[in-house]
Amino acid sequence: MDGGGAAPVGDGEAPAGSLVCPEPTERPDLWPWTTRRRGDGALEVGGVTLVDVARDFATPLYVLDRADLRGRARVWTSAMAEEFWDGYGMSGGDAFYAAKAFLCADVVDVVTAEGMGIDTASLGELAITLRAGADPTRVGLHGNNKLDAEIELALGAGEGRGIERIFIDSLHEVAQVERVAAGLGVTARVMVRLKTGIHAGGNEYIATSHEDQKFGVSVADGSAMEVVRAITASPHLELLGFHNHIGSQIEGTEAFVAAARIVMDFRARVSRELGVSTREVDLGGGVGIAYTGADPVPTSPAEVARSVAATVRKAAEETGTSVPHVSVEPGRSVAGPTTVTVYRVGAVKDVTLQGGAVRRYVAVDGGMSDNIRPALYGAAYTATLANRAPHGPWQRSRVVGKHCESGDIVVHDVDLPDDVTAGDLLVVPATGAYGWSMASNYNVLTKPGVLAVEDGSARWILRPQTLADLMALDPGLDAD
Ligand code: LLP
């Protein structure tokens, strides 16, 4: 078989065009912080080898490096605290973890212990966040089509106290939140989600602030001002400030800076035209991460916070307005690199293409049900061996799942050792964000569990689904 000519790992730089997955020492940003290749070739995360994990817990599974999650949360909170420090004439900064990236009680514990609030976008996310013990005053609720039940829970109906930030997405929602708040006899603290016209993000489906998409109210066409007027006219609503989430998987700081300026200018207009001053600005999430060796090293939270802070300060000065309290809502950049997916290799098939070239298909025991991102967004991932050190000769390979679709691709193109065989363990890095959270039961595959590893021990933070869990949903399968 064609070896592809790439150099073995450890024998210096791979040649140009190589798609060999970078080792943790080569691209630490791609891997959970504690990942290392042991002397015997096995990959280890959190002091636990993935070989042991696969044997004890079965594949496929997600493995989350808890120390890494803690570190990434801390990096965001300290970047925001530092760059928006009161001593620089700012009013403080804050980071809210976007729960949609990956949510369970342990994640809430870890990120809130590092000072993050939680940003939610559904009844389920809000309910889990509150049940996990997050401080309601540090929780937000998003959504472009909120249910009354979501707003009720957010306003403290039933149990506990209400949350402090509901993001208003339309004029329709002003009336809806007002009605629910009036019914409960409370005041809802709200922010307005702006559409700033900025088009950014790794894929059309995840760009969220250009005009022709469903989120937010437009600054340009006047709907944002209309919503602000309606809010300020309501006795049950208190306007905290303005929000903008421009998109996801964004490189660099330019788009964030441009959006921050538009938000600040709009805030100044509200103050000028309506005499309403506001104290909060939330600039959403969106900072990108690396998925493969071809991706650039990601922009750091500190860089984003620094450039946005400079813009906010300048805009406040130029418009003669106060410096707001600024928050962000990172999801992917907190959870994404903390987690790897471990699969076991099954069938390996060489397919002869037109012209005689051979494409190798390496099938694993999961697929589009545990990672829909390649099929949905054309997202690129990489993979390497977890049970032994990878080495050349290499074979350009396509890692596929076990679903009944030819689009069930885990990694489109990667150079794997030529001798990859059934029983090998393949590991895919950077699956912590939008992996488990977008997983499905297609072909009645059960969702893999998420195993947290730390200091040499491993435990489920989300148990794997069982077939019995799924069968229990079907009344036609009830035992007689
Ligand atoms: N805030 C709001 C209002 C959002 O809508 C989102 C993501 C975030 C924060 C967090 O953005 P992040 O820091 O994670 O980029 N399923 C897609 C990503 C969808 C993002 C939706 N909103 C994917 O797998 O790429």
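A quick note: this is a predicted structure, and the numbers were derived from the prediction, not measured. We count ligands from 1, going down the list as the structure has it; atoms in each ligand are counted the same way.
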N/O to N/O under 3.5 Å, ligand 1 against protein:
from     : atom 1 : to   : atom 2 : distance (Å)
ligand 1 : 1 (N)  : E329 : OE1    : 2.7
ligand 1 : 5 (O)  : K100 : NZ     : 3.1
ligand 1 : 13 (O) : G286 : N      : 2.9
ligand 1 : 13 (O) : G331 : N      : 2.9
ligand 1 : 14 (O) : R332 : N      : 2.7
ligand 1 : 14 (O) : Y434 : OH     : 2.7
ligand 1 : 15 (O) : S248 : OG     : 2.3
ligand 1 : 15 (O) : G286 : N      : 3.3
ligand 1 : 16 (N) : Y377 : OH     : 2.7
ligand 1 : 24 (O) : R373 : NE     : 2.5
ligand 1 : 25 (O) : R332 : NH1    : 3.2
ligand 1 : 25 (O) : R332 : NH2    : 2.8
ligand 1 : 25 (O) : R373 : NE     : 3.2
ligand 1 : 25 (O) : R373 : NH2    : 2.9

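With sequence neighbours left out, R179 forms a salt bridge (charged side-chain N to carboxylate O under 4.0 Å, His left out) with D148. Residues satisfying the side chain to side chain donor-acceptor pair (under 3.5 Å) criterion with D68, sequence neighbours excluded, are R72. Every residue meeting the salt bridge (charged side-chain N to carboxylate O under 4.0 Å, His left out) condition with R189, not counting sequence neighbours, appears here in chain and number order: E164, E238.
D408 and Y442 are not linked by any side-chain donor-acceptor pair at a separation below 3.5 angstrom, with hydrogens and angles left out of the test.
Here H243 and H142 bring their ring centres to under 6.0 angstrom of each other.
By the 30° and 60° cut-offs, the orientation of the rings of Y291 relative to Y381 is perpendicular.
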